[in-house]
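Report on the following structure.
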Amino acid sequence: MLFSRMLIPTLKEDPAEAEAVSHKLLLRAGMIRKLASGIYNYLPLGLRVLRKVERLVREEMNRAGAQEVLLPAVQPGELWQESGRWQIYGKELLRFKDRHGRDCCFGPTHEEVITDLVRREVHSYRQLPLNLYQIQMKFRDEMRPRFGLIRGREFLMKDGYSFHASEADAETCYQDMYDAYNRIFQRCGLRFKVVEADSGPIGGSFSHEFMVLAETGEDVLASCLACDYAANLEKAEVVLAAANPGAAPATAAPEEVHTPEVRTVEEVAAFLNVSTADIVKTLIYETENGPVALLIRGDHEVNEVKVKNLLRVTDLTLAGAGRVRELTGAEVGFAGPVDLNLPIYADQAVAAMAAAVTGANKTDHHLVRVHPARDFQVTQTADLRTVTAQDRCPRCGGELTLLRGIEVGHIFKLGTKYSQALKAVFLDEAGQEQLIFMGCYGIGVSRIVAAAIEQGNDDQGMIFPMALAPFQVGLIPISLNDAATREKALELHAAMEAAGLEVLFDDRDERPGVKFKDCDLLGLPVRVVLGPKTLAKGMAEVRQRRSGETVMVPLEGLLSHLQEIIRQEMD
RNA sequence: CGGGACGUGGCGCAGUCUGGUCAGCGCGCUUGCCUUGGGCGCAAGAGGCCCCCGGUUCAAAUCCGGGCGUCCCGACCA
């Protein structure tokens, strides 16, 4: 491929609009251009990378026995009303009406559509299992698109759905997908970690996310240094460091103390000269089932996902100042569980406290020496907080570390949520009607492109793994005015293409420095430079982008040398 | 949806506070010469409704009001 014939508008400077490395580099390399917030054009080079990922995903999905389909991007609102998600989904779902005034939406995901297809076509256990996937543009009207391709509104996704006659069969398939995903991300050359994830109020006993490790990742995961336990922070379980529930040394009754203008945990700790771990913070939340109070130790953070799961609610928001006054009789900062007329849910660490500091439900006052069992009753005690690096692994007791990651894949067992809502049933061997068991498996294809760049870059630009690079080789002639160099370069270019190498021949009338810079920026794994000096010796210079390793290779052996490098890198 | 910032040739920015030789710089682009191993040099050019609408003023890129757009932080995210 000739550089001069391709649209590759590289930029010398970082665009003002980009913050994340991958975003900056994608723009600088001329791979994408923004059309609107969270919506991008893929230019030829960017599309090549995207297609590489796509092809790889397709290969592994097919190998795992899944079949490719293509479902519509625009979906009828009716289907979403039927599943109940028309109401639940919120503003992320882009809705509009067609010319007849019928509700439509641009698909953010395709459970409804695929389930509808299957319920129409599948009626017998003989047709199961079935594993269908597609690679398609999704649209989610994110309130805050960011970081270029990492969180766009329109993005390319591989979404797969499997259908089974039994739960056991669904689990087998889940495992197959788990393995396929591992192969996919390995082949993409990514450093990633598989974590246990929250499956949401949908239920389902398991769910895993595939996280590409990167400082800029939006997700935080807890990973055990000793065993292979890893979980999304919103899912990671907390184990009590030391069981201490029965302890009841609180001989003295709670005492009210005057704490003017002392609201936050830090202020209370400083004012009363206690540790933040001696304080209980009482958080008032609103839910669709009414307000609740949550008790969390002062040095801990509430985990709203855990709370939602425990309470089986989907709306969970901190109550406003007015509501707090109404419900506790005090300003924000002085709520406490004693004599509080609300359902109270306590984190397990709170239940183990012997003499806590709490709000007094009276502005500018706190209570000290509060004893959980003695001084107030809780509705339920549970694990409600977010783990920290100080916590121990829930599996082996080992040390935990917190890492950041970019979620590129998510698999989970759906169970019968959609088959129930949309009445997708089959007849079993006994002629009995049964609900189809489902699984659901997603991969952020365009996000992988960004994630790979987040992991592979230096101050000169991108560093692509061979499998994802837009071209495997960059061929740079030092001077096109030198007839011998030009001839030889053209000849080599033709030979490489004939041998099936993906090569970008920089035939532009530019100085060598410009070509080197661009070649580095684009992250092409191998660079071949040909100039009058090397040519005189019958050699070409071969440099690897990642290592910077440069060797002189005789022209006659060049092709096989390159093929060898590529073969090694593709493993 | 809260908080913050920004919007000036294709890109990156200065100018705005203090209204008037203020439409400017670097890169890119065009033409010519020169040059050819890390964004080379010289010369001559093209290119801007200063985001939009309204207001104040003799006069607005600059001041005021209202929009729109973009980015960042947070909340949110099957």
Side-chain angles (χ1 to χ4, degrees), chain A residues 9-20 23-24 27-28 30 33-39 80 83-85 88-93 107-112 114-115 138 140-148 150-153 155 157 159 161 197-204 207 209 218-219 232 234 304-305 308 314-318 320 407 410-415 417-418 421 438-442 444 459-461 476-482 485-486 506 508-521 527 529-535 540-541 543 548 550 552:
Chain A
T10 59
L11 266 24
K12 281 188 180 178
E13 291 172 290
D14 282 337
E17 69 186 37
E19 193 68 25
H23 191 193
K24 284 181 184 170
L27 288 165
R28 281 193 56 202
R33 286 293 184 260
K34 185 181 66 181
L35 180 62
S37 181
I39 301 178
W80 287 71
S83 74
R85 289 208 291 182
I88 295 167
Y89 212 96
K91 285 193 241 169
E92 259 195 6
L93 182 64
T109 176
H110 284 70
E111 281 85 2
E112 280 80 0
I114 195 84
T115 308
K138 296 279 191 282
R140 294 181 190 176
D141 202 354
E142 298 279 350
M143 37 183 70
R144 191 176 160 213
R146 57 179 143 181
F147 303 148
I150 292 180
R151 180 169 291 264
R153 292 195 291 172
F155 58 98
M157 180 173 180
D159 51 324
Y161 309 88
D198 176 59
S199 49
I202 291 172
S207 168
E209 288 170 338
E218 292 182 285
D219 288 285
N232 192 309
E234 58 185 34
E304 296 188 357
V305 171
K308 280 184 186 176
T314 53
D315 291 338
L316 186 74
T317 46
L318 268 174
E407 180 189 349
H410 195 167
I411 58 177
F412 57 94
K413 216 174 71 178
L414 279 179
K417 177 185 162 78
Y418 294 95
M438 290 174 61
C440 165
Y441 322 95
D459 57 355
Q460 290 302 306
I476 298 181
I478 289 300
S479 169
L480 285 167
N481 291 331
D482 179 64
T485 307
R486 188 179 60 240
D506 198 341
R508 295 176 299 168
D509 182 21
E510 290 286 357
R511 299 177 58 83
V514 174
K515 299 185 183 185
F516 293 149
K517 288 286 184 187
D518 274 344
C519 190
D520 286 348
L521 178 62
R527 186 183 79 187
V529 180
L530 205 62
K533 290 173 201 161
T534 61
L535 199 53
E541 177 196 284
R543 178 171 180 267
T550 307
M552 298 301 285

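Residue numbering restarts at 1 for every chain, and letters A, B, ... go by the order of the sequence lines. Because the structure is predicted, anything quoted here is derived from the model rather than measured.
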May I ask you to evaluate whether [X] reaches the phosphate of [N], defined as a side-chain N or O under 4.0 Å from OP1 or OP2?
{"X": "Arg527(A)", "N": "G38(B)", "answer": "no"}
{"X": "Lys308(A)", "N": "C77(B)", "answer": "yes"}
{"X": "Ser37(A)", "N": "G69(B)", "answer": "no"}
{"X": "Arg144(A)", "N": "G2(B)", "answer": "no"}

With sugar-phosphate meaning primed atoms plus P, OP1 and OP2, does [X] contact a base, only sugar-phosphate, or nothing at under 4.0 Å between heavy atoms?
{"X": "Thr317(A)", "value": "nothing"}
{"X": "Glu218(A)", "value": "nothing"}
{"X": "Lys34(A)", "value": "sugar-phosphate"}

Tell me: [atom1] of [X] to [atom2] of [N], nearest whole Å?
{"X": "Glu541(A)", "N": "G38(B)", "atom1": "CD", "atom2": "C1'", "value": "11 Å"}
{"X": "Glu19(A)", "N": "G74(B)", "atom1": "CD", "atom2": "P", "value": "12 Å"}
{"X": "Asp141(A)", "N": "C1(B)", "atom1": "CG", "atom2": "P", "value": "11 Å"}
{"X": "Met552(A)", "N": "G37(B)", "atom1": "CE", "atom2": "C1'", "value": "11 Å"}
{"X": "Ile478(A)", "N": "C40(B)", "atom1": "CD1", "atom2": "C1'", "value": "14 Å"}
{"X": "Phe147(A)", "N": "C73(B)", "atom1": "CZ", "atom2": "P", "value": "5 Å"}
{"X": "Ile88(A)", "N": "C77(B)", "atom1": "CD1", "atom2": "P", "value": "13 Å"}
{"X": "Arg153(A)", "N": "U70(B)", "atom1": "CZ", "atom2": "P", "value": "7 Å"}

Taking atom [atom1] in both [N] and [M], what distance in whole Å separates the two?
{"N": "G69(B)", "M": "C27(B)", "atom1": "P", "answer": "35 Å"}
{"N": "G47(B)", "M": "G9(B)", "atom1": "P", "answer": "15 Å"}
{"N": "C11(B)", "M": "C77(B)", "atom1": "C1'", "answer": "33 Å"}
{"N": "G24(B)", "M": "A46(B)", "atom1": "P", "answer": "12 Å"}
{"N": "U18(B)", "M": "A78(B)", "atom1": "P", "answer": "49 Å"}
{"N": "A43(B)", "M": "G38(B)", "atom1": "P", "answer": "23 Å"}
{"N": "A5(B)", "M": "C63(B)", "atom1": "P", "answer": "15 Å"}
{"N": "U16(B)", "M": "A61(B)", "atom1": "P", "answer": "14 Å"}

Any-strand Watson-Crick or G-U partner of [N], both distances under 3.5 Å:
{"N": "G38(B)", "result": "none"}
{"N": "U56(B)", "result": "none"}
{"N": "A43(B)", "result": "U31(B)"}
{"N": "A5(B)", "result": "U70(B)"}
{"N": "C49(B)", "result": "none"}
{"N": "A23(B)", "result": "none"}

[X] side chain: which of [options] is closest?
{"X": "Phe412(A)", "options": "C71(B), A78(B), G38(B)", "result": "A78(B)"}
{"X": "Lys91(A)", "options": "C77(B), G39(B), C1(B)", "result": "C1(B)"}
{"X": "Val514(A)", "options": "G37(B), G39(B), C77(B)", "result": "G39(B)"}
{"X": "Lys533(A)", "options": "G37(B), G38(B), C77(B)", "result": "G37(B)"}

Taking the side chain from Arg151(A) and the backbone from Arg144(A), do they hold a donor-acceptor pair closer than 3.5 Å?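 Such a contact is absent between Arg151(A) side chain and Arg144(A) backbone.
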
Between the main-chain N or O of Pro108(A) and the side-chain N or O of Arg140(A), is there a donor-acceptor pair closer than 3.5 Å?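 The answer is yes, because a donor-acceptor pair under 3.5 Å joins these two groups.
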
For [X], enumerate each residue passing the side-chain contact (heavy atoms from CB on, under 4.5 Å) test, keeping only those at least two apart in sequence or located in another chain.
{"X": "Glu13(A)", "value": "none"}
{"X": "Met552(A)", "value": "Thr534(A), Met539(A), Glu541(A)"}
{"X": "Pro15(A)", "value": "Leu11(A), Glu17(A), Leu27(A), Arg28(A)"}
{"X": "Asp219(A)", "value": "Met211(A), Asn232(A), Glu407(A)"}

If the condition is salt bridge (charged side-chain N to carboxylate O under 4.0 Å, His left out), which residues does Arg511(A) pass it with, not counting sequence neighbours?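 So Arg511(A) forms no salt bridge (charged side-chain N to carboxylate O under 4.0 Å, His left out) with any residue.
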
Counting C-beta onward and ignoring hydrogens, is there a side-chain heavy-atom pair between Ile476(A) and Cys519(A) closer than 4.5 Å?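 Side chain of Ile476(A) against side chain of Cys519(A), heavy atoms only: contact under 4.5 Å found.
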
Hey, are the side chains of Arg508(A) and Lys515(A) touching, using non-hydrogen atoms and a 4.5 Å cut-off? yes

Does a distance-only test, which skips hydrogens and angles, find a donor-acceptor pair under 3.5 Å between the side chain of Arg140(A) and the base of C77(B)? no

Any donor-acceptor pair under 3.5 Å between the side chain of Arg28(A) and the base of G39(B)? yes

Can you spot which of Lys417(A), Glu111(A), Glu112(A) makes a side-chain hydrogen bond (donor to acceptor under 3.5 Å, both in side chains) with Ser83(A)?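 Result: among Lys417(A), Glu111(A), Glu112(A), Glu112(A) is the only option passing the side-chain hydrogen bond (donor to acceptor under 3.5 Å, both in side chains) with Ser83(A).
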
Answer yes when Arg543(A) and Asp520(A) have at least one side-chain N-carboxylate O distance shorter than 4.0 Å, and no when they do not. yes

Could I get the full list of ring pair (Phe, Tyr, Trp, His ring centres under 6.0 Å) partners for Phe516(A), not counting sequence neighbours? none

Given RNA chain B, 5'-ward residue of the pair Arg508(A) and Glu234(A), judged by closest heavy atom: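 That would be Arg508(A).
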
Residue pair Tyr89(A)/Leu480(A) against RNA chain B: nearer the 5' end by closest nucleotide is Leu480(A)

Who are the side-chain hydrogen bond (donor to acceptor under 3.5 Å, both in side chains) partners of Asp159(A), not counting sequence neighbours?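 In terms of side-chain hydrogen bond (donor to acceptor under 3.5 Å, both in side chains), with neighbours along the sequence ignored, Asp159(A) is linked to Gln134(A), Lys138(A), Tyr161(A).
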
Between protein and nucleic acid, restricted to nucleotides 5-14 of chain B and to nitrogen or oxygen atoms under 3.5 Å apart, what atom pairs and distances do you find?
residue : atom : partner  : partner atom : Å
G12(B)  : OP1  : Ala16(A) : N            : 3.1

Considering only nitrogen or oxygen atoms on both sides, find all protein atoms under 3.5 Å from nucleotides 28-35 of chain B and state each distance.
residue : atom : partner   : partner atom : Å
G28(B)  : OP1  : Lys12(A)  : NZ           : 2.9
U35(B)  : O2   : Arg511(A) : NH1          : 2.9

